[in-house]
Amino acid sequence: MPELPEVETTRRGIAPYLEGAEVEAFEVREPRLRWPVEAAIAGRIQGQRVERVERRGKYLLVQFAEGTLLIHLGMSGSLRVLMRDTPPGKHDHVDICLKDGHRIRFCDPRRFGAMVWTESPASQHRLLASLGPEPLGSEFDGDYLYRRSRGRRSPIKSWLMDSHVVVGVGNIYANEALFQAGIDPRRAAGRVSRQRMRLLATAVREVLASAIEQGGTTLRDFVGGDGKPGYFSQQLHVYGRGGQPCTRCGEALVGVQLAQRSTVYCRYCQR
DNA sequence: CCCAAGACCTGGCGGC
DNA sequence: TGCCGCCAGGTCTTGG
């Protein structure tokens, strides 16, 4: 279940198997994902060699000489590396079969995920073209957040989760980063000071980087194929802890809904 | 342009 | 056990 750290962990898990490998078949058992998986993809990649596996936000980019397969894991998607003869389960919708006998299996019970083929440069594809900067890249900092947010009246948390502002900040890490930065998630984005946007940018980077580090410890799950994507064992301060004591001041954490997403914060530590 | 709500799905959980 | 309502890590699309 993919936040950016898990997508990156997935990328690291599958890249060694895919890069340089030749595709033998593209098997679609259930094409009804977010958008129908085009049958024509098979003909495009069969017999082709994977050049690179990259990531942009929460999208995985499987790059061939002639085009790119974009993969999004949605809410419940996962990719595993399996051997040729492993029988598919109920929600194992797509396999990328490799000549060497491995197969990369896409499982997604809720089918919010996507597999899309594009032949123009991937960064120009409509799904990627207007994405904000990578949170761990050099473009992303407090001054960027400050500049972009002036005049915005959305709650800072909803605004931070908008992938056109910055990619990869999902519900868990939006909650955690705002706690670390001491900012009330309900506060209008345009009313957060430059100084506190700097704290927020740092918090986003730290929380994601540390989660990626921990995601790295579950790499073998993707290879071994037991299907457990490995939850982040990182200490969560607020996410899922509504009503429990704040780890900083001990008062009860408050749960609210913001843009239909569960939000937890400390009313004393976050302003 | 900005923002909130709706849409897409299945499964797991607690409560009765 | 069974059924029901609610919740879930995302984000594109629509409507005001």
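Within every chain, numbering begins at 1; the chains are lettered A, B, ... in the order of the sequence lines, protein sequences first and strands thereafter.
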May I ask you to verify if any side-chain N or O of A/His72 is less than 4.0 angstrom from the OP1 or OP2 atom of C/dG10?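 Checking C/dG10 against A/His72, no side-chain N or O comes under 4.0 Å of OP1 or OP2.
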Does a side-chain N or O of A/Ser76 approach OP1 or OP2 of B/dC9 to a distance below 4.0 Å, or not?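 So the side-chain polar atoms of A/Ser76 never come under 4.0 Å of the phosphate oxygens OP1 or OP2 of B/dC9.
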Among Ile, Leu, Val, Met, Phe, Trp and Tyr joined by side-chain contacts under 4.5 Å, find the other residues sharing a cluster with A/Tyr268 and list them by chain and number.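 When side chains under 4.5 Å apart are linked, A/Tyr268 ends up in no cluster with other residues.
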Hey, what else clusters with A/Met83 if you join Ile, Leu, Val, Met, Phe, Trp, Tyr whenever side-chain heavy atoms sit under 4.5 Å?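 Under the 4.5 Å side-chain rule, A/Met83 groups with nothing.
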Pairing string, 5' to 3', for DNA chain B - Watson-Crick or wobble contacts under 3.5 Å, brackets [ ] where pairs cross, | to another strand: .|||||||.|||||||
Counting the atoms with a prime plus P, OP1 and OP2 as sugar-phosphate, which does A/Ser262 contact under 4.0 Å by heavy atoms, base, sugar-phosphate, or nothing?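 Since only primed, P, OP1 and OP2 atoms lie under 4.0 Å of A/Ser262, the category is sugar-phosphate.
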Positions of residues 142-153 of chain A (non-hydrogen atom under 4.0 Å from DNA chain B), listed by number: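 Within residues 142-153 of chain A, the residues near DNA chain B are A/Arg152, A/Arg153.
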In this structure, how many angstroms lie between the [atom2] atom of [N] and the [atom1] atom of [X], rounded?
X	N	atom1	atom2	value
A/Asp108	C/dG10	CG	P	13 Å
A/Met161	C/dC12	CE	C1'	14 Å
A/Asp92	B/dT10	CG	C1'	14 Å
A/Leu73	C/dG10	CG	P	11 Å
A/Lys58	C/dG10	NZ	P	4 Å
A/Leu128	C/dG10	CG	P	17 Å
A/Arg111	C/dG10	CZ	C1'	16 Å
A/Tyr173	C/dA8	OH	C1'	15 Å

For the [atom1] atoms, the ones on [N] and on [M], what distance do you get once it is rounded to whole angstrom?
N	M	atom1	result
C/dG9	B/dC3	C1'	23 Å
B/dA5	C/dC7	P	15 Å
C/dC12	B/dG11	P	25 Å

Extract all donor-acceptor atom pairs below 3.5 Å that involve side chains of residues 34-47 of chain A and protein atoms in other chains or at least two apart in sequence.
from    : atom 1 : to       : atom 2 : distance (Å)
A/Arg44 : NE     : A/Glu119 : OE2    : 3.4
A/Gln46 : NE2    : A/Glu24  : O      : 3.2

Side chain [X], main chain [Y], donor-acceptor under 3.5 Å:
X	Y	value
A/Arg261	A/Asn171	no
A/Arg11	A/Val53	yes
A/Asn175	A/Val264	yes
A/Gln270	A/Cys266	yes
A/His164	A/Ser130	yes

Test: side-chain hydrogen bond (donor to acceptor under 3.5 Å, both in side chains). Region: [range]. Which pairs qualify, not counting sequence neighbours?
range	answer
residues 246-256 of chain A	A/His237-A/Thr247
residues 186-199 of chain A	A/Asp143-A/Arg194, A/Asp143-A/Arg198, A/Asp184-A/Arg186, A/Arg186-A/Tyr265
residues 90-101 of chain A	A/Glu22-A/Lys99, A/Arg29-A/Asp95, A/Arg80-A/Asp92, A/Asp95-A/Arg103, A/Asp95-A/Arg105, A/Asp100-A/His102

If you check the [X] side chain, which of [options] turns out closest?
X	options	answer
A/Glu6	B/dA5, C/dG9, C/dC12	C/dG9
A/Gln260	B/dG6, C/dG10, C/dC12	B/dG6
A/Asn171	B/dC9, C/dG9, B/dA4	C/dG9

Tell me, yes or no, whether the heavy-atom count around A/Gln257 atom CD, taken from other residues, nucleotides or ligands under 6.0 Å, exceeds 12.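 Yes, CD of A/Gln257 has more than 12 neighbouring heavy atoms, counting only those of other groups under 6.0 Å.
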Taking salt bridge (Lys or Arg N to Asp or Glu O under 4.0 Å) as the definition, give me every residue that meets it alongside A/Glu51, ordered by chain and number, with sequence neighbours left out.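 A/Glu51 satisfies salt bridge (Lys or Arg N to Asp or Glu O under 4.0 Å) with no residue once adjacent residues are dropped.
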Taking salt bridge (Lys or Arg N to Asp or Glu O under 4.0 Å) as the definition, give me every residue that meets it alongside A/Arg56, ordered by chain and number, with sequence neighbours left out.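 A/Arg56 satisfies salt bridge (Lys or Arg N to Asp or Glu O under 4.0 Å) with A/Glu134 once adjacent residues are dropped.
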Close N/O contacts between protein and nucleotides 13-16 of chain C (under 3.5 Å):
from   : atom 1 : to       : atom 2 : distance (Å)
C/dT13 : OP1    : A/Arg126 : NH1    : 3.3
C/dT13 : OP2    : A/Arg126 : NH1    : 3.3

Looking at B/dC8 and A/Phe112: do their rings stack (centroid distance under 5.5 Å, interplanar angle under 30°)?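 The ring of A/Phe112 is stacked on B/dC8.
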List every contact pair, protein side and nucleotides 11-15 of chain B side both N or O, where the distance is under 3.5 Å.
from   : atom 1 : to      : atom 2 : distance (Å)
B/dG11 : OP1    : A/Lys90 : NZ     : 3.1
B/dG11 : OP1    : A/His91 : NE2    : 2.6

Any side-chain donor paired with an acceptor under 3.5 Å for A/Tyr144 and A/Arg148?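 Yes, a side-chain donor-acceptor pair sits under 3.5 Å.
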